[in-house]
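In this chain, numbering begins with 1 at the start of the sequence shown.
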Amino acid sequence: MKVVIENIDKVFKNNNNIKEVLKDISFNVNEGQFVSLLGPSGCGKTTLLSIIAGFQDATEGKILVNGLEVKKPGPDRGFIFQNYALFPWMTVKDNILYPMKQQKISKEKRKERLSELLKMAHLEGNEHLYPHQISGGMKQRTAVIRALACKPEVLLMDEPLGAVDFQMRQILQEELEALWLQDKTTVIMVTHDVDEAVYMSDRVIVMSTESGKIIGDLEINLKRPRNREDLEYESYKAKLTSILKDALNYDKKDKEIERKGINKGEQIV
């Protein structure tokens with residue numbers, strides 16, 4: 001297995017308040033697989049992703065990448081934030097080169113990798129422009145290839161298209177998929193969008209707001225590139241939508257239990 005998530009708990013403490021965000025979360029991700037974490041707001045998707053990235057520690061449990069336990073951020077994991085997080089004072093070229101310089105990759109190899117990445121993302125001729133001078137699609141492609149610059153084992157994406165409108169989102173999904181197909185890096189992506197999950201993923205893991213409980217794990221067996229108008233595509237969307245509704249109903253029931261002060265083993269009537 002490329003990534004092993006093993007019995008992850010995450011508890012936040014603030015004075016006397018304790019919030020259990022994740023409880024006993026376990027699943028594996030195969031090499032080259034594109035996995036999406038789907039669920040309602042507040043279900044712990046981003047918290048889990050940041051633990052995999054090494055940005056924060058789990059309260060209990062562990063994450064393994066290639067058999068090695070994650071203790072901190074590292075070059076084996078690339079990360080793409082929702083707003084792309086490009087350095088505005090750097091050109092496209094310098095943004096892409098930055099992680100390679102941090103890893104002390106030789107100047108010759110940096111030049112070779114830069115050329116390869118610019119070609120992959122169709123950004124040749126734009127490398128001397130600054131982020132404010134390029135389109136949203138070009139920013140996204142720059143963020144992706146910057147994350148891929150040091151050839152990470154795993155690419156982690158936190159709602160990378162969450163800030164764009166519906167039509168642009170679909171175009172960028174297609175561009176992102178095309179980039180991924182060239183490299184087939186293992187990907188774990190957080191999303192709240194059912195259509196995006198079906199279009200992008202080999203597998204979708206659905207989480208509930210009840211401590212991130214996994215209530216669905218669905219393989220998407222569709223040829224790429226995917227046809228959004230295909231009946232089977234619509235069928236997968238319907239399945240995931242149904243699972244999400246179950247998650248919301250489960251969460252409402254759980255809140256009703258808390259409101260009424262009923263023990264979880266008892267039944268609400």
Side-chain angles (χ1 to χ4, degrees), residues 1-6 8 10 27-37 45-58 61-121 123 127 131 138-161 175-191 200 202:
M1 297 294 175
K2 177 61 74 173
V3 183
V4 176
I5 290 88
E6 191 172 290
I8 293 295
K10 182 63 180 179
F27 60 90
N28 299 328
V29 178
N30 295 330
E31 185 167 2
Q33 198 172 42
F34 195 122
V35 174
S36 286
L37 304 179
K45 304 184 299 292
T46 293
T47 299
L48 180 58
L49 199 73
S50 67
I51 292 171
I52 298 169
F55 296 155
Q56 58 180 296
D57 296 327
K62 59 185 177 181
I63 307 288
L64 303 174
V65 176
N66 278 342
L68 300 176
E69 188 171 354
V70 169
K71 296 289 189 180
K72 60 182 180 179
D76 58 337
R77 283 149 287 138
F79 200 99
I80 300 174
F81 298 89
Q82 184 171 332
N83 63 357
Y84 312 137
L86 298 176
F87 298 120
W89 61 89
M90 290 186 185
T91 62
V92 167
K93 172 184 174 182
D94 290 334
N95 265 285
I96 298 165
L97 286 173
Y98 180 79
M100 292 190 273
K101 289 178 179 178
Q102 293 297 106
Q103 292 302 312
K104 296 181 171 55
I105 294 171
S106 71
K107 189 173 181 179
E108 184 178 335
K109 287 186 177 179
R110 291 201 306 263
K111 184 178 178 181
E112 182 181 328
R113 181 66 172 155
L114 174 66
S115 177
E116 178 184 323
L117 291 166
L118 289 171
K119 184 177 180 182
M120 180 191 298
L123 287 169
E127 60 266 36
M138 292 168 73
K139 287 178 186 176
Q140 187 236 10
R141 280 180 272 150
T142 301
V144 171
I145 60 174
R146 182 181 66 176
L148 293 174
C150 295
K151 298 185 178 181
E153 297 288 337
V154 182
L155 183 60
L156 306 170
M157 301 194 290
D158 186 12
E159 297 200 48
L161 307 179
E175 291 187 355
L176 182 55
E177 181 195 39
L179 270 177
W180 173 73
L181 285 171
Q182 292 182 63
D183 217 45
K184 288 299 290 277
T185 302
T186 305
V187 174
I188 303 174
M189 179 179 76
V190 162
T191 184
M200 300 296 300
D202 296 316

Under 4.5 Å between any side-chain heavy atoms of [X] and [Y], yes or no?
{"X": "R113", "Y": "L148", "result": "yes"}
{"X": "I51", "Y": "K10", "result": "yes"}
{"X": "L86", "Y": "K139", "result": "yes"}
{"X": "D158", "Y": "F81", "result": "no"}
{"X": "I96", "Y": "D94", "result": "no"}
{"X": "L123", "Y": "I145", "result": "yes"}
{"X": "C150", "Y": "M100", "result": "yes"}
{"X": "L176", "Y": "V144", "result": "yes"}

Would you tell me whether [X] and [Y] have side-chain atoms, one donor and one acceptor, within less than 3.5 Å of each other?
{"X": "Q56", "Y": "S50", "result": "yes"}
{"X": "N66", "Y": "K2", "result": "yes"}
{"X": "N95", "Y": "T142", "result": "no"}

If you measure from [atom1] on [X] to [atom2] on [Y], what distance do you get to the nearest 0.5 Å?
{"X": "K71", "Y": "I63", "atom1": "NZ", "atom2": "CD1", "value": "11.5 Å"}
{"X": "K45", "Y": "M189", "atom1": "NZ", "atom2": "CE", "value": "11.0 Å"}
{"X": "Y98", "Y": "Q103", "atom1": "OH", "atom2": "CD", "value": "10.5 Å"}
{"X": "K101", "Y": "K107", "atom1": "NZ", "atom2": "NZ", "value": "9.0 Å"}
{"X": "M90", "Y": "L97", "atom1": "CE", "atom2": "CG", "value": "9.5 Å"}
{"X": "Q182", "Y": "K119", "atom1": "CD", "atom2": "NZ", "value": "9.5 Å"}

Option passing side-chain contact (heavy atoms from CB on, under 4.5 Å) with L155 (candidates T186, I188, V187): V187

Verdict with reasoning, R146 to F87, per side chain to side chain contact (heavy atoms under 4.5 Å, CB included): CA-CA 11 Å; R146 182 181 66 176; F87 298 120; 3.9 Å; yes

Could you report the tightest heavy-atom contact between [X] and [Y], atom names first, then the distance?
{"X": "L179", "Y": "A121", "result": "CD2-CA, 3.8 Å"}
{"X": "I80", "Y": "A147", "result": "CG1-CB, 3.8 Å"}
{"X": "A149", "Y": "L117", "result": "CA-CD1, 3.7 Å"}
{"X": "R110", "Y": "I105", "result": "NH1-O, 2.7 Å"}
{"X": "P88", "Y": "P131", "result": "O-CD, 3.8 Å"}

Heavy-atom neighbours of E69 CD exceed 12 at 6.0 Å: yes

Atom CD of E112: over 12 foreign heavy atoms under 6.0 Å: no

R77 to F55 six-membered ring, cation-pi geometry met (6.0 Å, 45°): no

Worked check of side chain to side chain contact (heavy atoms under 4.5 Å, CB included) between L37 and L48: CA-CA 9 Å; L37 304 179; L48 180 58; 4.0 Å; yes

CA sep, side-chain torsions, deciding dist, call: D76, V154, side chain to side chain contact (heavy atoms under 4.5 Å, CB included): CA-CA 6 Å; D76 58 337; V154 182; over 6 Å; no

Candidate pair F34 and T185, rule side chain to side chain contact (heavy atoms under 4.5 Å, CB included), full reasoning: CA-CA 8 Å; F34 195 122; T185 302; over 6 Å; no

